[in-house]
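Okay, structure first, notes after.
Chain naming here is simple, since letters A, B, ... match the order of the sequence lines and numbering starts at 1 in each.
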Amino acid sequence: DGGITQSPKYLFRKEGQNVTLSCEQNLNHDAMYWYRQDPGQGLRLIYYSQIVNDFQKGDIAEGYSVSREKKESFPLTVTSAQKNPTAFYLCASSPQTGQGGLNQPQHFGDGTRLSIL
Amino acid sequence: SQKIEQNSEALNIQEGKTATLTCNYTNYSPAYLQWYRQDPGRGPVFLLLIRENEKEKRKERLKVTFDTTLKQSLFHITASQPADSATYLCALANQGGKLIFGQGTELSVKP
């Protein structure tokens with residue numbers, strides 16, 4: 001079955017440490033996204049990528065970095081500069097973004113829950 | 001600034017009744033509106049999409065309305081079942097193609 005796989009499901013970060021969250025999709029989608037979800041808040045966009053080797057900042061990119069070296073993969077690194085990293089992180093994909101993607105649903109993984117040790 | 005509001009309080013209803021969830025938005029002219037279901041510890045799952053020129057959309061027991069004058073969408077689940085218990089998210093697509101999500105409404109259907 002096609003879908004999005006996020007790993008690990010749970011992750012703990014120590015002070016001053018960078019951690020990387022994995023996201024892989026086999027849907028052949030061009031666009032991929034990273035969201036952060038906090039209790040009582042909507043999903044907030046961290047970064048998105050419309051094509052390999054290209055990505056754009058979302059609304060809350062500070063303290064995070066991404067790469068898109070392959071179509072299938074869009075890893076997110078939570079750096080030590082992110083002072084409040086505890087959250088549920090969701091990766092999503094869609095066939096397209098921009099004007100062509102307006103009517104396309106996003107497919108989500110089952111998230112990674114990040115906590116501070 | 002653009003804002004999306006969903007019922008912040010959980011909605012508790014009896015099995016068999018119709019659940020109605022609200023999504024209001026301000027400072028926004030979305031071309032599309034989407035509804036997702038999210039179960040605890042899982043990612044959201046797409047349910048329905050409605051365009052700005054559509055008044056209503058149906059899928060099995062689900063119905064969505066979109067009133068661009070009131071800047072509101074209503075999401076209905078008829079003949080609700082305990083398995084419908086989840087958090088429901090609305091999301092608006094802006095002209096840049098990005099989705100802006102509401103905070104979600106938790107629905108609990110009691111047998």
Open item on the list: Which Ile, Leu, Val, Met, Phe, Trp or Tyr residues join L74(B) in one cluster when any pair of side-chain heavy atoms under 4.5 Å counts as a link?
Closed with: none
Task: D110(A) to G43(B) - nearest heavy-atom pair and separation - done: OD1-N, 3.1 Å
Open item on the list: Is it true that, when you exclude K9(A) itself, more than 12 heavy atoms of the residues, nucleotides or ligands shown sit nearer than 6.0 Å to its NZ?
Closed with: yes
Open item on the list: Count I, L, V, M, F, W, Y as connected when their side-chain heavy atoms are under 4.5 Å apart, and connections chain through other members. Are L21(B) and Y25(B) then in the same cluster?
Closed with: yes
- [ ] Flag yes if more than 12 heavy atoms outside L70(B) fall under 6.0 Å of its CG atom; otherwise flag no.
- [x] yes
Task: Proximal to chain B - members of residues 34-44 of chain A, heavy-atom separation under 4.5 Å - done: Y35(A), Q37(A), G40(A), Q41(A), G42(A), L43(A)
TODO: Give a yes or no answer on whether the side chain of Y36(B) reaches the backbone of P105(A) with a donor-acceptor pair at less than 3.5 Å.
DONE: no
- [ ] Identify whether L90(A) and L114(A) are in the same connected component of the hydrophobic contact network (ILVMFWY, side-chain heavy atoms under 4.5 Å).
- [x] no
- [ ] Answer yes or no: does atom CD of Q14(B) have more than 12 heavy-atom neighbours from other residues, nucleotides or ligands under 6.0 Å?
- [x] yes
Task: Closest non-hydrogen atom pair between F46(B) and Q106(A), with its separation - done: CB-O, 4.4 Å
Task: Crowding at CD, E106(B) (>12 non-hydrogen neighbours, <6.0 Å) - done: no
